[in-house]
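The block underneath contains the structure these notes are about, expressed in structure tokens.
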Amino acid sequence: MATGDHLYDCYKPPAQEFVRGEGAYLYTEDGDKYLDFIAGIAVNGLGHAHPELVQAVKDQSEKLWHLSNMFRIQGQYELAEKYCNYLGWPGKVFFTNSGAEAVECAMKTARRYHYDMGDPERYEIITFTGAFHGRTFGTINAGGNPKYLKGFGPAIPGFTHLPFEELSNLEDHLSDKTAAVMFEPVQGEGGLRPVDIDTLIKVRNQCTENGMLLIYDEVQCGAGRTGKLFAHEWAEGKADPDIMAAAKGIGGGFPLGACIAREEVAKVMVPGTHGSTYGGNPMAMAVGNKAFDLLSDEDFLANVVKTSNFLKQQFEGLKDEFPDVVDELRGKGLLIGMRLKKAALDIRKNALSKGLLCGSAGDNVLRMAPPLIINENHVREAIAVLRECFEEARNLPDFEG
Ligand SMILES: *Cc1c(COP(=O)(O)O)cnc(C)c1O
């Protein structure tokens with residue numbers, strides 16, 4: 001058996017090795033079964049080995065894998081049309097392979113827009129503490145997390161980082177250099193903090209009044225995670241973005257991202273301004289189209305809301321039962337978790353040893369992003385494991401930052 005010695009040591013995976021998945025479960029070579037409540041970090045929204053996604057990959061793989069964007073890719077035309085029709089405003093899409101690339105495209109589009117409008121000095125992008133926008137040079141500088149920037153040279157200028165709470169006081173921080181405001185409608189890595197609807201609407205209006213662009217990073221909170229295809233839809237059309245980055249769940253496990261922008265903004269990105277070899281290749285489009293059809297289904301999304309309400313109710317029960325372990329509930333929909341008083345990483349490890357996969361996030365948060373196909377029985381199974389873990393954590397020392 002090969003070891004990981006010849007890999008970069010950027011990750012430290014546990015001993016369990018999963019070789020197969022089905023629905024909400026993962027299996028090791030020995031057949032041990034685990035309940036997956038993190039779904040590859042909010043990626044496998046449709047569960048593992050969804051038969052319709054499997055079929056889409058099989059069918060496409062026998063026809064055509066890759067062409068490059070030098071040639072027409074009908075699957076891109078279809079999927080872009082689906083997304084824009086769904087969102088209900090005139091838009092254009094650029095397909096990428098990842099979330100970071102979708103964010104890069106969003107930031108380039110925003111700057112180029114002001115440049116083309118005769119305002120090249122308007123390049124500043126405002127972001128917020130706890131943000132996560134990816135791991136490329138551009139996106140670590142956008143996110144501004146010192147841990148991710150350390151050792152990677154001088155900070156790239158053109159970003160203003162504000163405390164998360166200042167989202168509701170944006171007026172104090174604008175200048176004639178401000179090009180765009182970018183944030184996650186529900187922060188993922190930063191600790192599952194949702195932005196409330198009133199703030200979304202306020203920021204939208206401020207952007208419109210001041211000629212700034214509103215960029216949503218819906219890489220984690222989109223793709224049906226909160227019970228809407230995109231989290232900002234909870235504002236019912238009152239806080240639509242100018243540009244949005246999506247990825248993770250929209251490919252159901254196949255690498256796929258998208259930058260979706262208003263037509264009048266997107267049209268500045270003319271031939272020569274941007275590109276990608278793989279972005280939106282026929283394989284990704286086959287899966288992306290099928291995933292869109294399944295994720296955007298009204299009954300499917302209604303079920304996400306129902307299951308997430310049940311999960312939240314169960315979490316509230318745990319919080320009441322273990323006030324010495326659970327500090328605060330966090331998140332929205334099936335991007336949900338709790339800030340703990342005991343070390344979240346230890347509890348996550350213990351849960352894994354009992355057959356439950358969870359994640360963690362900034363702020364000592366135990367993070368869950370289960371496949372969106374889960375039902376109440378899966379929730380009960382997860383809660384039973386968490387209850388055992390919390391019971392065992394009760395007597396541990398409190399977490400100290
Ligand atoms: C994961 C994530 C990214 C980066 O996506 P990659 O596919 O890892 O490049 C960007 N923004 C948010 C909100 C994310 O959660």
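Atoms within each ligand, like the ligands themselves, are counted from 1 in listed order. The shown structure was predicted, so the numbers you read here are calculated from the model rather than taken from an experiment. When reading the values below, keep in mind they use all heavy atoms of this one structure, side chains included, and skip hydrogens, waters and symmetry mates.
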If you count the non-hydrogen atoms of other residues, nucleotides and ligands that lie under 6.0 Å from NZ in K82, is the total more than 12? yes
Neighbour count >12 (heavy atoms, 6.0 Å) for atom NZ, K312: no
Would you mind listing which atoms of ligand 1 come within a distance below 4.0 Å of any non-hydrogen atom of [X]?
| X | answer |
| --- | --- |
| S98 | 7 (O), 9 (O) |
| H133 | 10 (C), 11 (N) |
| K248 | 1 (C), 2 (C), 3 (C), 14 (C), 15 (O) |
| E184 | 13 (C) |

Are the ring centres of [X] and [Y] closer than 6.0 Å?
| X | Y | answer |
| --- | --- | --- |
| F128 | H161 | no |
| Y27 | Y34 | no |
| H378 | Y25 | yes |

How far is [atom] from its nearest protein heavy atom, and which residue and atom is that?
| atom | result |
| --- | --- |
| atom 9 (O) of ligand 1 | A100 N, 2.8 Å |
| atom 11 (N) of ligand 1 | D217 OD2, 2.7 Å |
| atom 12 (C) of ligand 1 | F132 O, 3.3 Å |

Output yes when the distance from some N or O of ligand 1 to some N or O of [X] is under 3.5 Å, and no in every other case.
| X | answer |
| --- | --- |
| G99 | yes |
| Q220 | yes |
| G134 | no |

Can a side-chain donor-acceptor contact be found between E189 and Y148 if the only test is distance below 3.5 angstrom? no
side-chain contact (heavy atoms from CB on, under 4.5 Å) between T127 and F183: does it pass, once the steps are laid out? CA-CA 6 Å; T127 62; F183 59 94; over 6 Å; no
Atom 6 (P) of ligand 1 within contact range, any protein heavy atom under 4.0 Å: yes
Does K342 pair with D398 as a salt bridge, N-O distance under 4.0 Å? yes
